[in-house]
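Worksheet: the structure to be examined is printed underneath.
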Amino acid sequence: MHSDFKKDFPGLLLKQLLWAAARASTKEEFVKCMKAIKDVNESAYNWLMAKNTSEWTISYFDDSVKCDMVLNNMCESFNSAILEAKDKDVVMLLEKIRFWLMVRFCKKRESINKWRDGISKQIWDLLEKKKEVAKKYHTNRADAFNFQVTHETDGSFVVDLIALTCTCWKFELNGLPCSHAVAAIWKRGLNVLDYVHDYYKKESFIHAYEVVVQPMPSSGKWTSSSTPPILPPPEYKLPGRPKRSRKREVDEPPAGATKSNRHG
Ligand SMILES: [Zn+2]
């Protein structure tokens with residue numbers, strides 16, 4: 001979306017403001033970010049407001065899917081995985097994807113043996129970070145399940161351990177207790193792991209990867225079929241060497257230069 005946006009509204013400041021609005025986790029923060037954009041360029045503001053907010057800013061994401069991704073890293077990973085098969089015919093491309101899924105599903109099933117307390121290492125590490133932050137809060141109870149969690153500089157947040165919500169919105173968005181929720185859970189002497197959404201649990205993971213993608217012999221050993229073969233589309237000779245990689249925007253980092261770890 002930023003690639004389209006910058007054609008009409010170039011410049012670093014607008015780029016930074018757009019990303020701040022995209023990463024805003026609450027509606028209040030989003031309104032503030034959009035006001036900053038409006039102050040700089042009203043047309044840019046109108047351009048963005050015409051877009052469906054649930055498709056580009058975390059603050060309006062559907063919290064039933066428990067995902068806060070605003071980057072296309074997953075598409076990039078998929079693209080790089082099928083890169084060497086992209087210019088093969090359809091059957092070979094599908095065969096490459098089948099092989100890749102067979103190996104991946106098997107590795108994923110085996111990785112469960114390393115899980116601790118029914119959650120993956122990535123989720124475990126995330127929770128540990130939240131626990132570190134939670135130590136800095138002052139937590140007060142309103143009743144058995146409602147808490148006001150306060151930080152010296154960030155102010156107060158409201159956690160509801162029945163509705164599983166926090167006013168930072170990250171609790172319901174990710175399905176993992178945010179640092180405020182961790183503080184509230186501790187205040188009640190409860191177990192943080194009991195507040196992790198089922199999507200992250202071992203049972204869900206096993207269910208997602210339980211299908212065994214079967215091995216296959218190489219294509220020369222396949223049984224022949226009486227149906228006509230799939231023909232390739234007509235060939236058009238284009239000038240130069242065919243491109244295999246996705247065309248990147250001029251300000252996009254080169255392949256493999258992303259900061260985040262794509263593992264998992
Ligand atoms: Zn929170």
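Side chains are part of it too, since the values below use all heavy atoms of this structure and drop only hydrogens, waters and symmetry mates. Order of appearance sets the numbers: ligands from 1, and atoms from 1 within every ligand. For clarity, every value in this text was computed on a predicted model and none was experimentally measured.
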>> For Lys129, is there an ion pair with Glu132 - N to carboxylate O distance below 4.0 angstrom?
In response: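 A salt bridge is absent here (no side-chain N lies under 4.0 Å from a carboxylate O).
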>> Can you list everything that forms a salt bridge (charged side-chain N to carboxylate O under 4.0 Å, His left out) with Lys35? Sequence neighbours excluded, please.
In response: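 Only Asp39 meet the salt bridge (charged side-chain N to carboxylate O under 4.0 Å, His left out) criterion with Lys35.
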> Under 2.8 Å from the Zn ion (ligand 1), protein N/O/S atom count?
Replying inline: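 There are 4 of them.
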Which donor-acceptor pairs under 3.5 Å do the side chains of residues 17-29 make with protein atoms, sequence neighbours left out?
from: Thr26; atom 1: OG1; to: Glu29; atom 2: N; distance (Å): 3.2
from: Lys27; atom 1: NZ; to: Ser59; atom 2: O; distance (Å): 3.4

> Are the side chains of Tyr200 and Ser120 in touch, meaning some heavy atoms are under 4.5 Å apart?
Replying inline: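 No - every pair of side-chain heavy atoms lies 4.5 Å or more apart.
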>> According to side-chain hydrogen bond (donor to acceptor under 3.5 Å, both in side chains), who are the partners of Asp117, at least two apart in sequence or on a separate chain?
In response: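 For Asp117, no residue satisfies side-chain hydrogen bond (donor to acceptor under 3.5 Å, both in side chains) once neighbours in sequence are set aside.
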> Nearest 0.5 Å, what's the CG-NE2 distance between Leu14 and His2?
Replying inline: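 Here the interatomic distance stands at 8.0 Å.
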